[in-house]
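All remarks here apply to the structure that follows.
Order of the sequence lines fixes the chain letters, A, B, ..., with proteins taken first and strands second; residue numbering starts at 1 for each chain.
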Protein chains: 2
Amino acid sequence: MARAIARRDDLLPVLAETFREHGYEGASLSLIATATGLGKGSLYHFFPGGKAEMVEAVLAEIEAWFEARVFAPLRQADDPAAAIAAMFTTVSDYFRSGRRVCLVGALSLSDARDRFAETLRRYFALWVEALTGALVRAGHPPEGATALAEDIVGGIQGAVVLARALDRPETFDRILVCLRERSRLTAGA
Amino acid sequence: MARAIARRDDLLPVLAETFREHGYEGASLSLIATATGLGKGSLYHFFPGGKAEMVEAVLAEIEAWFEARVFAPLRQADDPAAAIAAMFTTVSDYFRSGRRVCLVGALSLSDARDRFAETLRRYFALWVEALTGALVRAGHPPEGATALAEDIVGGIQGAVVLARALDRPETFDRILVCLRERSRLTAGA
DNA sequence: AAAACACTGTACCGATCGGTCCATTCTTGA
DNA sequence: TCAAGAATGGACCGATCGGTACAGTGTTTT
């Protein structure tokens with residue numbers, strides 16, 4: 001009985017969604033098996049380290065995704081202001097207006113944080129760093145750029161929490177619009 | 001073997017801290033038993049509904065705490081601006097500069113959200129509502145007050161996430177200072 | 001053709017899960 | 001004084017947990 005349909009990479013999106021919906025503890029192996037349509041044997045073939053390795057793989061893919069679509073554009077864009085604006089659109093799509101949880105943020109609040117501490121830290125550090133650079137190149141004063149970048153990245157995370165708790169996706173979008181506004185150059189900033 | 005030391009109310013802070021540190025799934029009954037120093041028999045005596053009832057009780061106490069220390073002052077203060085400033089101090093203390101997770105926010109991101117949906121929703125709704133009122137009475141234009149209140153409440157939640165992920169409590173404090181600044185009246189707002 | 005290897009489902013493992021039950025002990029009011 | 005009830009710890013329950021072992025099937029290489 002072997003059907004070589006699945007490749008490891010194809011599993012990652014399903015795994016990611018499962019961990020997003022159920023968390024680290026809540027995503028049991030049987031749940032994962034059902035979601036992926038694979039038996040435990042196959043799962044442990046691809047991820048000998050079990051759930052921990054699955055999460056690490058998922059986090060690595062998430063980081064790669066953001067690196068390609070968000071961080072790198074922020075760093076390299078000829079037009080930093082446009083790159084920042086694009087970031088908000090990309091992120092809003094990615095989080096489905098707050099209906100989709102940020103796995104990195106959710107893990108950061110859970111007891112699994114310590115286990116994946118370095119990976120979680122790096123994700124947010126890279127984001128803040130890339131955004132800070134773009135803000136500066138867009139004309140923001142360097143002294144306040146990191147603070148503003150942290151406000152924005154943190155604000156996005158908070159928007160996910162709030163929109164989910166209130167069950168109001170439009171709140172997510174509204175907060176993102178407001179954050180985008182703050183990223184634009186004003187007399188005060 | 002009976003020592004009538006514990007009253008139900010005395011258990012709530014311990015339960016709250018346990019759920020904060022381990023989440024709903026992660027806080028097993030044996031863990032709770034160890035943390036409280038009570039056997040399962042006693043726990044089920046106080047909370048016949050098991051873990052779910054424990055969480056509901058904890059959430060009720062949290063809401064009562066915020067009602068007394070945050071929401072009510074925001075609603076009733078003679079000096080709304082001072083009440084808003086006090087809110088930031090209270091909240092910063094409560095969350096220990098981001099070292100302590102917001103249980104309501106953490107549950108909102110977890111798969112336990114649906115189970116406690118109404119309680120989670122009400123907590124944030126009450127907060128946003130009370131803050132909106134205070135902002136208006138402090139002189140903010142009513143059209144933008146709810147949006148600003150959502151920015152602030154969401155911003156606080158995001159600050160917890162970010163500070164925990166980055167392992168930098170000072171980031172939490174810095175974001176709160178920035179939010180407090182935005183709550184003050186400026187020419188633009 | 002056949003050996004090597006990748007992949008698969010499942011039976012099974014000990015541990016732990018949430019929850020029940022109950023004998024016992026302490027407290028309290030009559 | 002003593003029955004009633006609150007509170008307690010722990011044995012116990014079936015279910016499920018994460019993880020292992022393995023025999024079987026498909027594909028690839030030789």
Discussion item. In whole Å, I'd like the distance from the CG atom of A:Leu31 to the C1' atom of D:dT16.
Written reply: 12 Å
Discussion item. Looking at A:Glu129, I want to see if its CD is surrounded by more than 12 non-hydrogen atoms of other residues, nucleotides or ligands under 6.0 Å.
Written reply: no
Discussion item. Is it true that, when you exclude B:Asp9 itself, more than 12 heavy atoms of the residues, nucleotides or ligands shown sit nearer than 6.0 Å to its CG?
Written reply: yes
Discussion item. Whole angstroms only, please: what is the CZ-P distance between B:Phe19 and C:dG18?
Written reply: 9 Å
Worksheet item: Rounding to a whole Å, what distance do you find between A:Leu29:CG and D:dG19:P?
Response: 6 Å
Fill in: Distance, rounded to the nearest Å, where B:Arg7 contributes CZ and C:dT27 contributes C1'
15 Å
Worksheet item: So, is B:Ser28 near the phosphate of C:dT16, with a side-chain N or O under 4.0 Å from OP1 or OP2?
Response: no
Practice prompt. Answer with base, sugar-phosphate or nothing: what part of the nucleic acid does A:Ala27 contact at a heavy-atom distance below 4.0 Å?
Written response: sugar-phosphate
Worksheet, complete the sentence: For B:Ser108 and B:Leu120 the tightest heavy-atom approach is OG-CD1, 3.8 Å
Item to complete: Report the distance from atom CD of A:Glu53 to atom P of D:dG18, rounded to the nearest whole Å.
Response: 16 Å
Response to the item:
Rounded to whole Å, NE2 of B:His45 lies from P of D:dT8 at a distance of 7 Å
Response to the item:
note: A:Tyr44, atom OH; D:dG18, atom P; distance rounded to Å ~ 8 Å
Worksheet item: With respect to the phosphate group of C:dG18, does any side-chain polar atom (N or O) of B:Ser30 fall under 4.0 Å of OP1 or OP2?
Response: no
Practice prompt. Taking only the side-chain nitrogens and oxygens of B:Ser42, find out if one of them lies under 4.0 Å from OP1 or OP2 of D:dA7.
Written response: no
Item to complete: For A:Phe46, report the nucleic acid contact type (base, sugar-phosphate, nothing); a contact means any heavy atom under 4.0 Å.
Response: sugar-phosphate
Worksheet item: Does A:Lys51 have a side-chain nitrogen or oxygen under 4.0 Å from the phosphate oxygens OP1 or OP2 of D:dG18?
Response: yes
Fill in: Most 5' of A:Tyr24 and A:Gly41 on DNA chain D, judged by nearest nucleotide
A:Tyr24
Discussion item. Tell me if the CZ atom of A:Arg115 is crowded by more than 12 foreign heavy atoms within 6.0 Å.
Written reply: no
Fill in: B:Leu38 CG - D:dA6 P separation (whole Å)
17 Å
Worksheet item: What is the ring orientation for B:Tyr94 with B:Phe66, classed by angle as parallel under 30°, tilted 30 to 60°, or perpendicular over 60°?
Response: perpendicular
